[in-house]
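Below is one structure, written out as structure tokens; comments come after it.
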Amino acid sequence: QSISKAVPEPTLPVAQPATDLSNDPDFLGGTRLFSAWLDHQVSYRGLPGVMVGVVHDQKLIWQKGFGFADVKQRLPMTAETKFRMASHSKMLTAIAVMQLREQGKLRLDDPVVKHLPWFKGQPAGKDDAPITIEQLLSHSSGLQREASDHWSSLEFPTEAELKKLMAERKSAFAPQTRWKYSNLAYAVAGLLVEKVSGQRFAEYAQANIFDPLGMTDSSFDLNVPGLATPYGRRLPDGTRETFPFVDARGMAAATGLTSDLTDMAKFVSAQFRQGPRAGSQILGSGSLREMHRVRSVEETWTNGTGLGFGTQRIKDKSFIGHGGGYPGYITQTLFQPGDRFGVIVLTNSSDGDAGEIARQLIAAVGPLFAKAAAKPAGVAWDPSWARYQGVYRNRSADISIVLLNNKLVALNSTAPGIDTVARLEPLGNGRFRIETPTGNNPPVGEVAWFQEEAGKPVRLYMGDNWSERITSG
């Protein structure tokens, strides 16, 4: 017998204001543990200085400096100490491209040559398709990593030199062959921003990113006061060289950013906001989600790239952000959008290992933010829902609805283990939102509900399809 039904629409969970964890005893304990660890690193590895911060949603809730911004003068690290942020620049460059995309001035699948006629390098193969804007931003263009010997000579190419060398360059791979990091690709992306916007890249970033976010200490390739002294790696005799200010010139969009902890915290908070572009919302949240989502992965599948943003897995969570390496500076920013939590690590030495410091800070305090972000039950548990327990059968499998502690879960008979159960989160009016660790089946994010006759469940709907009840709980 056919039973008619109306499929309930999925209900998206509403983001709640972040709980203030700055004075939480567990958070403070975690920062003390981390500080003890980093104190040892600075002392025993002879690191000049480190500045770290923790961002929760729209606030920088913890910051601390270790060592010195200038060892000889014993200048302390502060939240306003400036660093050359290097490849953090790529996140801003990609945002600039996406802003122009939102304005309809370009498409991600546009061939780069459509906007930059001089971009006519030699392809890896005769049948290679033209390199697109998206491929520049996702490190899937196949272009060579660098544009010259600038990391050895500290002499970066000018824009004119970049344009000239493109005709002489042959791509290492065809587009979309594999993930291949390329500073050259982002230098080209910066020149594309200039061509499409009609502004110099630094001026565009100032007007469309720095000013709206209040990033007053950030700039591209300006030798500004307050920069931490850049130190090289520690040599076997314990000494470190110091570096001069290095201008990235034509590669500013790839590696020329200068910033500090305060400004980078504002940038991280911007990643958690919702809504269309306006004011301090520098990009629509839909575009930000596109950028954060992985587009290209390393061959090992341990990390990858969205659009300008890198992604890596840490303790079963995906963290997004970017690192940076410049003569005398190693930096790292990582954030978790679901938990609205991020860490920033800035060092003034070539062996600062900011990535590992960031991972240790995440290990010390990250679980607290994950717990705080756990979705609270939108609807109070109703003991009468215990009646939904039982086994429901469809043509592919049996589904067991099991009662846990005031919670219903669905276990498919074909599941390899109990760690694949789907949680049924109550929405009200007999509806439940399906939450699963994977995105295939049951249909995550859709609605489950139980059809009843004479007060007894007879069918389970999960999304559009249904299963007949064959036994009760």
Side-chain angles (χ1 to χ4, degrees), residues 84 86-87 89-90 92-94 96-97 100 106-202 204-205 220-221 243-257 295-296 298-299 305 307-308 310 322 324-327:
R84 299 289 273 150
S87 287
S89 309
K90 294 177 174 67
L92 281 72
T93 299
V97 171
L100 296 170
L106 55 79
R107 291 171 54 96
L108 291 179
D109 59 0
D110 281 345
V112 178
V113 71
K114 174 181 177 180
H115 302 278
L116 301 177
W118 52 262
F119 184 74
K120 296 179 180 178
Q122 301 174 40
K126 294 181 179 179
D127 62 343
D128 291 356
I131 294 172
T132 67
I133 296 173
E134 178 180 344
Q135 289 161 2
L136 292 181
L137 302 185
S138 61
H139 291 304
S140 59
S141 68
L143 286 174
Q144 291 170 315
R145 193 183 198 279
E146 308 297 349
S148 72
D149 65 353
H150 41 266
W151 297 120
S152 301
S153 66
L154 302 187
E155 293 290 332
F156 281 75
T158 64
E159 293 181 17
E161 289 170 335
L162 270 175
K163 294 177 181 179
K164 181 180 178 181
L165 72 83
M166 280 311 305
E168 306 165 358
R169 287 277 158 136
K170 183 175 182 178
S171 294
F173 297 100
Q176 298 285 29
T177 298
R178 61 169 294 169
W179 185 87
K180 176 175 168 50
Y181 194 84
S182 176
N183 285 315
L184 174 58
Y186 268 83
V188 173
L191 297 179
L192 182 143
V193 169
E194 291 190 346
K195 180 65 180 295
V196 175
S197 70
Q199 292 179 272
R200 299 291 294 170
F201 180 77
Y204 182 92
F220 276 93
D221 280 330
F243 292 101
F245 178 83
V246 178
D247 190 334
R249 295 176 177 164
M251 298 190 70
T255 193
L257 175 66
R295 300 291 184 104
S296 181
E298 177 60 285
E299 296 299 289
T305 302
L307 298 175
H322 220 293
Y326 211 67

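Counting heavy atoms from C-beta outward, Arg145 and Leu184 have side chains that stay 4.5 Å or more apart. Looking only at side-chain heavy atoms (C-beta outward), Asp221 and Arg84 come within less than 4.5 Å of each other. Side-chain contact between Pro123 and Ser171: absent, with no pair of heavy atoms (C-beta onward) separated by less than 4.5 Å. A 4.5 Å side-chain heavy-atom check between Gln199 and Glu194 finds every atom pair outside the cut-off. The side-chain heavy atoms of Leu307 and Val97, taken from C-beta on, include no pair separated by under 4.5 Å. Taking the side chain as every heavy atom from C-beta outward, Tyr186 and Thr255 never approach each other to under 4.5 Å. Counting only heavy atoms from C-beta outward, the side chains of Lys90 and His139 approach each other to under 4.5 Å. Between Pro157 and His150 the shortest side-chain heavy-atom distance falls below 4.5 Å.
For Ser87 and Tyr181, the side-chain atoms include at least one donor-acceptor pair closer than 3.5 Å.
Smallest separation of non-hydrogen atoms from Val188 and Leu136: CG1-CD1, 4.0 Å. Considering all non-hydrogen atoms of both residues, Phe243 and Pro327 come closest at CD1-C, 3.5 Å. In terms of heavy atoms, Leu108 sits closest to Thr132 at O-CB, 3.8 Å. Between Val246 and Phe156, the shortest heavy-atom distance links the atoms CG1-CE1, 3.6 Å. For the pair Lys180 and Gln144, the tightest heavy-atom approach, listed with the atom from each and the gap, is CE-CA, 4.0 Å. Contact record, Ala147 with Met251: CB-SD, 3.9 Å, taken as the closest heavy-atom pair.
With rounding to the nearest 0.5 Å, the separation of CG in Asp110 from CG in Leu116 is 11.0 Å.
In this structure, the ring of Phe173 has its center no less than 6.0 angstrom from the ring center of Trp179.
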Problem - Derivation and outcome, side chain to side chain contact (heavy atoms under 4.5 Å, CB included), residues Glu134 and Asp109 - result: CA-CA 6 Å; Glu134 178 180 344; Asp109 59 0; 5.7 Å; no
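Applying the side chain to side chain donor-acceptor pair (under 3.5 Å) test between Glu159 and each of Arg249, Lys164, Arg200 identifies Arg200 as the sole match.
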